[in-house]
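Here is how names work: the chains are called A, B, and so on, in the same order as the sequence lines, proteins then strands, and each is numbered from 1.
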2 protein chains.
Amino acid sequence: MKSVNLKRLAQELNLSVATVSRALNDRYDISQATKDRVRELAAKLNYEPNPYASSLRRQRSGTIGVVVPEIANHFFSLAINGIEEVARLNHYHVLIYLTHEDYQRELDIVRLLAGGRVDGVLLSAASTSYTDTHLEMLRERGIPLVFFDRVHQAPDNAQITTDDYESGYKATRHLLDVGCRSVAHLTIAPTLSISRRRMQGYIDALLDGGLRYDPSLVLHAQGRREQDVEMIQDLLHQRPGVDGIFAAVESLAVGTYEACRVLNRRIPHDVRVIGFSNLEIAALLDPPLTTITQPAYAIGKEAAKVLFKAVLKNVPVSSGHSLELKSELFIRESTFPAPKLVKSA
Amino acid sequence: MKSVNLKRLAQELNLSVATVSRALNDRYDISQATKDRVRELAAKLNYEPNPYASSLRRQRSGTIGVVVPEIANHFFSLAINGIEEVARLNHYHVLIYLTHEDYQRELDIVRLLAGGRVDGVLLSAASTSYTDTHLEMLRERGIPLVFFDRVHQAPDNAQITTDDYESGYKATRHLLDVGCRSVAHLTIAPTLSISRRRMQGYIDALLDGGLRYDPSLVLHAQGRREQDVEMIQDLLHQRPGVDGIFAAVESLAVGTYEACRVLNRRIPHDVRVIGFSNLEIAALLDPPLTTITQPAYAIGKEAAKVLFKAVLKNVPVSSGHSLELKSELFIRESTFPAPKLVKSA
DNA sequence: TTTATTTACGTAAACGTTTGCAGTGAATAA
DNA sequence: TTATTCACTGCAAACGTTTACGTAAATAAA
C-alpha cells in the first residue's frame, strides 16, 4: 500500500537520498558499485519514481496533450495511433481530450493544458467559431503547439496537413472526367481551413472544366447525422439534375449513401459519389466507394515528430516546420462512368 | 513565459500563500471579501494551479489511465468516447496507452501506471499470453482497476462485459435458423475470456441445433490482416461445405467479405455471414452485414462510472461491481435465407 | 613534503501546492 | 473584569524528486 520512494531506498542502503537519485539517473559522479547496489534494490522493491514529484522538480511533465474533435472517427483514431507511437518511443505519455466540435470546450481544455500539465500540444481544431486567444495562452507559457489536419490560421504556427486544395481539385476533376455535369459539394464548417481549401479546389476544377460554380450546390452540414442525411435528401430532391457528389468528409459520403438508398437513387448510375475517407472497408461498400484517402497515421506521426523536436530541444515551433502530406485517390465503382454500368445493371 | 503561481498572487495581494490557496479552494475559513479579491486577480492573471505540485501534495493525480489493445477500432474508440465523457464530468484527465496486443507492452504500461501516475486504470486485455503479476502491482499500490470487454480471470476484479456467451449462442442459432448446416467460427486468441465465452455459445448452439461440433471449423486468427484473410480463404477452399460463418470480431467479418470476393463466393447465397461489429455502416456493405453489436459507448461509460466510484470514495473495486451489458442482433442481408436470394439474383 | 585535482558522496534548497496548528483581534458570554 | 468563542489569517511542514554546492578522501602534480 505504501509506495516505496527514494528515502526508503536510501535508508535501506545507508546512502543519502541524493546519491540514490543520482545512481538511478545514471549520473557520472556515482561509482559503478553503488549504482549496481541501488539498482538491484530498486528492482527488488519494484521502485517507480513518483512522476509528480519528478515533474515538479524538473519543470517538465513527460506528457503531451492531444486535442481532437472526436475519436470515433477513422481519421482521428489512426492519427492518434501514429501520435502514440512517437510518444512511446520518446518515453512520453499521452493525454487525450475531445472537443466534440465545441469551441468553448476546446478553450477550456487549452486553458487547462496551459497550466503546465503538458510539455506540448497536438491539436485538431473544432469546427465552430474561432478566435486564437487560447493559442496565445500556450505561447505565453512557452508550450509548443502543432496543428494537424484541422489547422487554424494563426500567425506563425506549425501545422501538418494534407494537400487539401489539390485533393479537392482532383476529386472534382475525377467526377467531371467520368461524365458528371452537375456536381454538388458536401462540406462542414466553412471556418475550417480544410473546408475552404477543399472547396476552392472544387470550384477551380469546375471552372477549369468549363462548368460554372453554383453556390446552391454546396451544402454545409451540421455534423448531426440524421439531419445531415435529410439535408442531402432535400438537395437531391430539389436538384434532380445533380449527377455527382463530392463529400469533403467521410460521414457525408456515408450520409450520401443513406440518402440515395432512401430516395432510390442508384450509385453510380444516377449519381456518382466520391468522398474523403479513411474507411478500410470502402471497397466493401455497396457500391465500393471512390475515396480521397489521407495518410492519417503518417499525419499523426509527423505532427508528433515535429512537436517532439520542439519539446525536447526546448525551442518554439514555427511555421517553418509545417508539412503537407499527399492524399491518395482510390477509384472504385461509385464513380464508374455511366455507360458501363447501364449494361451490367 | 514565467507562469504565475500562488506566491505571485500572495505578494500582489499582501496575503500569505496559504490564504490564497484556501481562497481558491473555497475553504470555509476565508472571508468572502478576500475570496473575491483573490479570485479576481487569479482570473486576471490567468492563474492555473500547477497540477504536479497539487498532485504531489494531496496524493492524488486527477488522472486515470486507459489501456487498450488498439484504437483504430470502432469498439475501442467508442468505448474511449464513453470513458472520456465520464472523466470530464469528474474533472479528471485521461491517459491513453496502446498495447498493440502485446502482453509485454501491457506489462510495462501497468508497471508505469502503478508508479502513481494515475488514480485508477481501465484495461482491456491484450490477446497474447497472460499472467496476472502486473495486476498485483496495481492492487499493492491500492490503485483501482476495472476491466472492460476483454477481461482477465483475476480472482476478484470488477469487469464490464457483454453477454458474450448468449451473443455467441444467438449468432450461431440465427445461422442455423436461416438454414446453415455447416457453420465455421472465426475467432482470436483462445486465452481471452470473450473468445472462450463466444465460442462456448457457438458450440452449445450447434449441439442444441442437432449438429456436431467440429473443431476443424474453428479458425484462430493472428490479427494480421492479410494472413487472416488467407486463412479464411484456405478454410473456405478446403471445406466447401461451409455455408455459414460466425466471426467473433469485426475484422474477421470484414476479412470474410474479402475472402469471399477473392474466391467468388456469394454472400449470402453460398455462405451466410454474421459478425460481432460496431461498424455504423454495416448496413451499407455489399451485402449489408448481419451483426452482433455491443453497446461500446455504454460499456466505456459504465466501466468509467464503476472506476470513479472506487477512485472518489477511495475504496477498492471488487467483482461485486461487475456488470454485463446486452449486445444486440441486427439481421441484414448477409444472413438472408437462401431461397429468397436465388430469385432476386 | 605540499598543493592541486579527481572521485564519490552528503547537505540542503528548491519545485508549487495543501493543511495542521497556532495566533490575532474582535465580539460575546460569564 | 476575565474567559470563551468566533472569524480570519499566517507559519511552517510536508509531498518525493532533482541539483547546486560543499567536502572528505584518494590520487596526481609540484
Side-chain angles (χ1 to χ4, degrees), chain A residues 1-39 41-42 45-63 91 112 114-119 141-142, chain B residues 1-39 41-42 45-63 91 112 114-119 141-142:
Chain A
M1 202 67 185
K2 199 70 200 71
S3 71
V4 23
N5 54 17
L6 287 184
K7 205 201 293 188
R8 166 91 182 278
L9 291 181
Q11 281 172 345
E12 222 140 312
L13 291 166
N14 262 332
L15 288 172
S16 75
V17 171
T19 303
V20 176
S21 170
R22 277 189 277 247
L24 290 172
N25 289 329
D26 205 17
R27 280 292 212 282
Y28 66 97
D29 57 354
I30 299 294
S31 74
Q32 192 55 47
T34 31
K35 279 184 187 171
D36 291 345
R37 281 180 63 215
V38 170
R39 284 187 193 142
L41 185 66
L45 296 187
N46 249 322
Y47 169 76
E48 276 290 328
N50 182 309
Y52 296 101
S54 177
S55 294
L56 176 60
R57 176 55 227 236
R58 3 165 117 155
Q59 298 277 57
R60 160 166 302 226
S61 67
T63 306
H91 302 288
L112 266 183
R117 189 173 292 269
V118 297
D119 297 340
R141 298 296 214 280
Chain B
M1 202 69 183
K2 200 68 201 71
S3 71
V4 24
N5 53 18
L6 286 184
K7 205 201 293 187
R8 165 90 182 279
L9 291 180
Q11 281 172 346
E12 224 141 308
L13 291 166
N14 263 333
L15 287 172
S16 74
V17 170
T19 303
V20 175
S21 170
R22 277 189 275 248
L24 290 172
N25 289 330
D26 205 18
R27 281 291 212 284
Y28 67 97
D29 54 358
I30 299 294
S31 74
Q32 192 55 48
T34 30
K35 278 184 187 171
D36 291 343
R37 280 180 63 216
V38 170
R39 285 187 192 142
L41 185 66
L45 296 187
N46 249 322
Y47 169 76
E48 275 291 326
N50 182 309
Y52 296 101
S54 177
S55 295
L56 177 60
R57 178 54 229 240
R58 5 163 113 154
Q59 297 277 61
R60 158 165 304 226
S61 67
T63 306
H91 302 288
L112 266 183
R117 190 174 291 270
V118 297
D119 297 341
R141 298 295 213 281

K.L.:
Quick one: the side chain of B:R8 and the base of C:dG16, do they pair up donor-acceptor inside 3.5 Å?
P.N.:
no

K.L.:
Check whether any side-chain N or O of B:S21 sits under 4.0 Å from OP1 or OP2 of C:dT18, and answer yes or no.
P.N.:
yes

K.L.:
Hey, which sits more toward the 5' end of DNA chain D by its nearest nucleotide, B:T19 or A:P49?
P.N.:
B:T19

K.L.:
Among the candidates D:dC15, C:dC9, D:dT9, find the nucleotide nearest to the side-chain atoms of B:L15.
P.N.:
D:dT9

K.L.:
Does the side chain of A:L6 come within less than 4.5 Å of A:L24's, by heavy atoms?
P.N.:
yes

K.L.:
Do any side-chain nitrogens or oxygens of A:S54 fall under 4.0 Å of OP1 or OP2 in D:dG16?
P.N.:
no

K.L.:
Measure from the side-chain N and O atoms of A:R22 to the backbone N and O of A:I30, and report whether any donor-acceptor pair falls under 3.5 Å.
P.N.:
no

K.L.:
Return the 5'-most residue of the pair A:L56, A:S31 with respect to DNA chain C, ranking by each residue's nearest nucleotide.
P.N.:
A:S31

K.L.:
Ignoring backbone atoms, test whether B:R60 places a side-chain nitrogen or oxygen under 4.0 Å from the OP1 or OP2 oxygen of D:dC15.
P.N.:
no

K.L.:
Taking any heavy-atom pair under 4.0 Å as a contact, classify B:D29: base, sugar-phosphate, or nothing.
P.N.:
base

K.L.:
Can you find a side chain N or O atom of A:T34 that sits less than 4.0 Å from OP1 or OP2 on C:dC9?
P.N.:
yes

K.L.:
OP1 or OP2 of D:dG16 less than 4.0 angstrom from a side-chain nitrogen or oxygen of B:Q59, does that happen here?
P.N.:
yes

K.L.:
Does B:D119 reach the main-chain N or O of B:R60 with its side chain, forming a donor-acceptor pair under 3.5 Å?
P.N.:
no

K.L.:
Ignoring backbone atoms, test whether A:Q32 places a side-chain nitrogen or oxygen under 4.0 Å from the OP1 or OP2 oxygen of C:dA8.
P.N.:
no

K.L.:
Has the side chain of B:R57 got a donor or acceptor that lies under 3.5 Å from a partner of the other kind on the base of C:dT18?
P.N.:
yes

K.L.:
Please determine if a side-chain N or O atom of A:Y28 lies less than 4.0 Å away from the OP1 or OP2 oxygen of C:dT6.
P.N.:
no

K.L.:
May I ask you to evaluate whether A:N25 reaches the phosphate of D:dT18, defined as a side-chain N or O under 4.0 Å from OP1 or OP2?
P.N.:
yes

K.L.:
Reckon A:R22 touches a base, only the sugar-phosphate, or nothing at all at heavy-atom distances under 4.0 Å?
P.N.:
base

K.L.:
Are any of A:Y47's side-chain N or O atoms less than 4.0 Å away from OP1 or OP2 of D:dT17?
P.N.:
yes

